[in-house]
Amino acid sequence: MVIKYFSWIKEHIGKSEERIELPVNVSTIEELMLYLENLNDKYKLAFKKKDLIKIAINKSYSSIDDKINNNDEIAFFPPVTGG
Amino acid sequence: MVIKYFSWIKEHIGKSEERIELPVNVSTIEELMLYLENLNDKYKLAFKKKDLIKIAINKSYSSIDDKINNNDEIAFFPPVTGG
Amino acid sequence: MNKKFPKVYIKIQYEDFDVSKETQKLHHNLTGAIVNFVGLVRGHNENDSEQISSMTLEHYPGMTEAEIDKIVQKSIKKWDLTGITVIHRVGKLFVSDQIVFVGVSSMHRQNAFDACNFIMDWLKTKAPFWKVEENNNHRSWVSSRQSDQEATKKWES
Amino acid sequence: MNKKFPKVYIKIQYEDFDVSKETQKLHHNLTGAIVNFVGLVRGHNENDSEQISSMTLEHYPGMTEAEIDKIVQKSIKKWDLTGITVIHRVGKLFVSDQIVFVGVSSMHRQNAFDACNFIMDWLKTKAPFWKVEENNNHRSWVSSRQSDQEATKKWES
């Protein structure tokens with residue numbers, strides 16, 4: 001799967017995109033976030049304020065409970081500030 | 001006094017502006033309109049639909065009961081259609 | 001809001017206007033949002049029953065500017081704005097020509113949207129302009145629309 | 001409303017846009033009214049506590065266009081329109097640069113006002129753009145505003 005990060009989440013994690021194989025026992029966004037947070041402190045910091053994390057699966061807004069597959073494109077980003 | 005006419009009121013009366021001395025016994029817009037209607041049929045036709053006649057005294061919206069003076073500029077026109 | 005704002009510009013003219021240039025003139029240091037309204041000559045008359053080829057706009061010089069200024073002053077009392085421009089053309093205009101420009105700039109967008117909408121609604125019912133529509137066969141004065149009278153009611157609250 | 005309307009144009013770009021040209025492109029035979037929104041880079045940050053010299057906008061390519069298109073399609077269901085243009089810039093922008101253009105044309109003005117306002121409100125809360133404000137000393141990501149979330153509530157009825 002492809003995971004994309006934007007804005008200060010990207011800066012905390014230190015990359016804008018990565019490719020990983022869907023880990024065993026990970027089938028929802030929430031489980032993916034837990035998996036990433038356990039990798040290192042950068043992810044922990046990036047995901048600290050859960051209410052400020054927006055999620056997209058395949059470029060559509062999604063929620064933390066949504067199921068994910070290995071061929072999905074997942075994105076994590078803060079509330080948008082365009083316009 | 002100066003009297004101005006606009007749009008189809010101007011066309012019915014056949015002029016855009018005229019200067020008259022305030023007639024004796026005319027002290028309101030309503031009396032002025034009556035005076036003009038008695039001059040000829042052009043004014044009668046122009047002022048026929050009273051609810052479609054808008055009035056200005058010295059370039060401010062006014063009503064049919066308003067008092068007028070010999071040095072006023074009076075205007076008669078239909079509802080506006082700009083914009 | 002700084003007292004030097006809003007900048008107000010009101011003009012009745014025969015010439016066309018340039019929307020980019022007028023938008024640019026509404027930029028001030030505090031401006032974050034600009035809302036422009038542009039009215040055009042439609043190819044049909046009001047009830048869509050026939051094509052028109054041109055229209056001629058007349059107005060009451062002096063009163064027109066004064067009435068527009070009254071509307072603009074009311075909008076300034078209701079909303080914090082940085083700039084207001086009202087340009088209205090008169091004379092003979094053809095299909096798809098620009099008739100009117102109302103541009104409002106402000107720090108935040110909703111004020112600009114509301115003030116621009118307010119100015120247009122009141123301009124439609126108060127500013128002394130009259131349109132006569134023309135085609136090959138005849139000319140006819142445009143009637144005022146009940147919907148325009150009713151549009152101003154939303155500002156009563 | 002003819003089925004070929006409205007014409008929709010959505011573009012994310014680094015380049016500036018010309019408000020006159022974009023307004024012109026929104027003219028169609030039935031168009032009587034055009035409402036444009038132009039968003040600008042302000043010289044201060046959101047809470048006015050300090051000057052900024054520039055900002056950089058990033059976005060999520062693909063999702064941005066899709067989210068804007070969803071908003072535009074919703075506006076088309078609510079109002080009869082003849083044209084809709086949304087242009088949003090990304091990259092580095094300086095004070096008073098143009099950021100966003102939302103132009104809506106319609107037969108009658110209230111539809112254009114409402115649709116333009118609606119598209120801006122939803123763009124502010126849904127389109128994946130992020131601004132970082134810069135001055136000589138530091139850079140900081142702009143926080144989303146509660147007032148923008150609340151602005152969308154007026155379209156719920």
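In this text, all values refer to a predicted model and were calculated from it rather than measured experimentally. In what follows, every chain begins at residue 1, and chains take the letters A, B, ... in the order their sequences are listed.
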Is there side-chain contact between D:Leu30 and C:His44, with heavy atoms separated by less than 4.5 Å? yes
Under 4.5 Å from a heavy atom of chain C, the part of D:Ser96 involved: both
Pair C:Phe113 + D:Phe113: ring centers closer than 6.0 Å: no
One option among D:Lys21, D:His27, D:Gln24 has the most heavy-atom pairs under 4.5 Å with chain C, and it is D:His27
Can you confirm whether C:Asp121 sits close enough to D:Arg109 that some side-chain heavy atom of one is under 4.5 Å from a side-chain heavy atom of the other? yes
So do the side chains of D:Lys154 and C:Gln110 get within less than 4.5 Å of each other, counting heavy atoms only? yes
Under 4.5 Å between any side-chain heavy atoms of D:Asn36 and C:Val35, yes or no? no
Counting heavy-atom pairs under 4.5 angstrom with chain C, the leader among D:His28, D:Glu22, D:Met120 is D:Met120
Distance-minimising heavy-atom pair for C:Asp18 and D:Ser20: OD1-OG, 2.9 Å
By a 4.5 Å heavy-atom criterion (distance strictly below it), what part of C:Ala151 contacts chain D: side chain, backbone, both, or neither? side chain
Separation between CE (D:Met107) and CG (C:Leu40), nearest 0.5 Å, reads 13.0 Å
Ignoring hydrogens, what is the shortest heavy-atom contact between D:Arg42 and C:Gly32? Give both atom names and the distance. CG-CA, 3.4 Å
